[in-house]
2 protein chains.
Amino acid sequence: MTDQSPVQADLPAADTAGGAGEEARAHEMRAPEMQAEAFQAVRQARRSEVAEDYLELIAELIELMGEARPVDIATRLGVRAPTVAKTLDRLARDGLITRARYRSVFLTEEGRQIAEECRRRHEIVVRFLLRLGLDQETAEQDAEGIEHHVSARTLALFAEFAGRD
Amino acid sequence: MTDQSPVQADLPAADTAGGAGEEARAHEMRAPEMQAEAFQAVRQARRSEVAEDYLELIAELIELMGEARPVDIATRLGVRAPTVAKTLDRLARDGLITRARYRSVFLTEEGRQIAEECRRRHEIVVRFLLRLGLDQETAEQDAEGIEHHVSARTLALFAEFAGRD
DNA sequence: GGTAAAACTTAGCTTTGGCTAATTTGCATT
DNA sequence: AATGCAAATTAGCCAAAGCTAAGTTTTACC
């Protein structure tokens, strides 16, 4: 691969823009492999974000309302019914939920475990943000986006900071 | 819309699963509109994540290596060259970069501003995580995912906690 | 019990963001 | 100057996640 492929000084932008010491400056960049791994991990996480949102919400609906109906999932996610239908098909295909046509949705054991894990993370992140001084509304809001990108290590620190109770 | 559409007790899952008081329990859920807005905001943020990653990296490459070449972008993002090419086309279409065929990439004024904003956020998040006790490696890693989902309000608290210097 | 509304599904379109394979261009080195 | 290699592009594939419009099924209500 290219790796740290030599970027010489004879390139137009180099002399005009910076003016001095590209090679010396290059030291300040992270190692390309490290950076690539970080981005790959983020993309990995992105791929499960939607599924996690659905599973977490389905669990919540089942627990608090007795069942998870597509119409409620759609309302609470702010998407249209056909979008929900298609996503539920994928979740079923992946063995995370079970469903019968025109009926509400159930979690498989695997789906239940993921949902529980997500809920735990979500709550830690919310409590952490609240403890940091954020208002309830913004905390909930930001947690929804942040929770999918918090490593186990970071989550542990969040939990610790949020308070030992 | 459905809103808080009546979920009656004559549905199969309701009686068997929960057993008691769906309506009372429903109180514990967030308001559907609030929840929907939160998820919509997250989806909104998701749509700019990739663009922000590119712009931030392009700015970094230009500053530290004198220019931003597609091959380096690909290496550091951990994706293939054609993926970069297509994304750069989108960024150019959206007026965030300029480019000539077979040449390296430049930021427009708008792109530059977004990149700068992203970099600022990124650094705050990293410093915050480090201050929290995380190792450099994980901090960089998690920041890459978290930075796109931090509201202005939360960012301010992060900055405060990290300590302004 | 019939009927209308609500819920759900199906069909089909769009964009994004990834990939491989094959081609074209630019540069460096002989 | 020729040639080969690295970089970039193009073409074309795929899946995810959104949408509208139209059709089907269930439920609710009289």
Side-chain angles (χ1 to χ4, degrees), chain A residues 1-12 36 39-54 61 65 67-94 96-97 99-105 148, chain B residues 1-14 36 39-54 61 65 67-94 96-97 99-105 148:
Chain A
M1 298 297 169
T2 23
D3 210 66
Q4 200 73 280
S5 63
V7 178
Q8 266 79 7
D10 56 5
L11 289 156
F39 280 118
Q40 273 160 352
V42 172
R43 283 200 301 279
Q44 176 72 30
R46 270 172 206 162
R47 289 215 313 272
S48 15
E49 279 183 68
V50 171
E52 288 178 356
D53 286 342
Y54 274 74
L61 285 168
M65 314 235 295
E67 64 169 0
R69 297 188 307 166
V71 65
D72 292 322
I73 297 172
T75 302
R76 298 194 110 91
L77 288 179
V79 298
R80 299 292 184 179
T83 300
V84 169
K86 208 188 283 187
T87 305
L88 292 180
D89 283 342
R90 276 195 297 271
L91 294 177
R93 179 202 63 191
D94 296 342
L96 301 173
I97 64 170
R99 61 195 308 234
R101 298 178 41 128
Y102 297 96
R103 307 312 308 262
S104 56
V105 178
H148 306 286
Chain B
M1 295 297 168
T2 21
D3 211 67
Q4 201 71 280
S5 62
V7 178
Q8 265 75 9
D10 56 4
L11 288 155
F39 280 117
Q40 273 159 352
V42 172
R43 283 199 301 278
Q44 177 72 30
R46 269 172 207 164
R47 289 214 313 273
S48 14
E49 279 184 70
V50 171
E52 290 178 356
D53 286 342
Y54 274 73
L61 286 169
M65 313 234 297
E67 63 168 0
R69 297 188 307 166
V71 65
D72 292 323
I73 297 173
T75 302
R76 298 194 110 93
L77 288 179
V79 298
R80 298 294 184 176
T83 301
V84 170
K86 210 188 282 188
T87 305
L88 291 180
D89 282 343
R90 277 195 297 270
L91 294 177
R93 178 201 64 190
D94 296 344
L96 301 173
I97 64 170
R99 61 196 305 237
R101 297 177 42 123
Y102 296 97
R103 307 313 306 259
S104 56
V105 178
H148 306 286

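Throughout, a chain's letter reflects where its sequence line sits, starting with A, and its residues are numbered from 1. None of the values given here were measured: they were computed from a predicted structure.
Atoms CZ (B/Arg43) and P (D/dA16) sit 17 Å apart, rounded to a whole Å. D/dA17 atom P lies 14 Å from atom CD1 of A/Ile73, rounded to whole Å. Spacing between atom CG of B/Leu91 and atom C1' of C/dG17 amounts to 12 Å, rounded to whole angstrom units. In this structure, B/Glu49 places its CD atom 15 Å from C1' of D/dA16, rounding to the nearest Å. Nucleotide C/dG17 holds its C1' atom 15 Å from the CD atom of A/Gln44, rounded to whole Å. Distance, B/Asp53 CG to C/dT16 P: 16 Å, rounded to whole Å. The distance between atom NE2 of A/His148 and atom P of D/dA16, rounded to the nearest whole Å, is 17 Å. With rounding to whole Å, A/Arg46 atom CZ is found 12 Å from C/dT16 atom C1'.
Annotation: the span from B/Arg93 atom CZ to B/Thr87 atom OG1 amounts to 10.5 Å, rounded to 0.5 Å. Once rounded to the nearest 0.5 Å, the distance linking CG of B/Leu61 with CZ of B/Arg69 reads 9.5 Å. Between atom OH of residue B/Tyr54 and atom CG of residue B/Leu96 there is a gap of 13.5 Å, rounded to the nearest 0.5 Å. Note that CD1 of B/Ile73 is 11.0 Å distant from CZ of B/Arg76, once rounded to the nearest 0.5 Å.
Side-chain nitrogen and oxygen atoms of B/Thr83 include at least one within less than 4.0 Å of the OP1 or OP2 phosphate oxygen of C/dC19.
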Under 3.5 Å, which protein N or O atoms sit close to an N or O of nucleotides 8-15 of chain D? Give each pair with its distance.
unit_1, atom_1, unit_2, atom_2, d
D/dA8, OP2, B/Val71, N, 2.6
D/dT9, OP1, B/Arg99, NH2, 3.1
D/dT9, OP2, B/Arg99, NH2, 3.0
D/dT10, OP1, B/Arg101, NH1, 2.7

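Proximity of A/Asp89 to A/Arg99: side-chain heavy atoms (C-beta onward) are separated by under 4.5 Å at one or more points.
When the side-chain hydrogen bond (donor to acceptor under 3.5 Å, both in side chains) test is applied to A/Arg46, the partners found at least two apart in sequence or on another chain are B/Glu49, B/Asp53.
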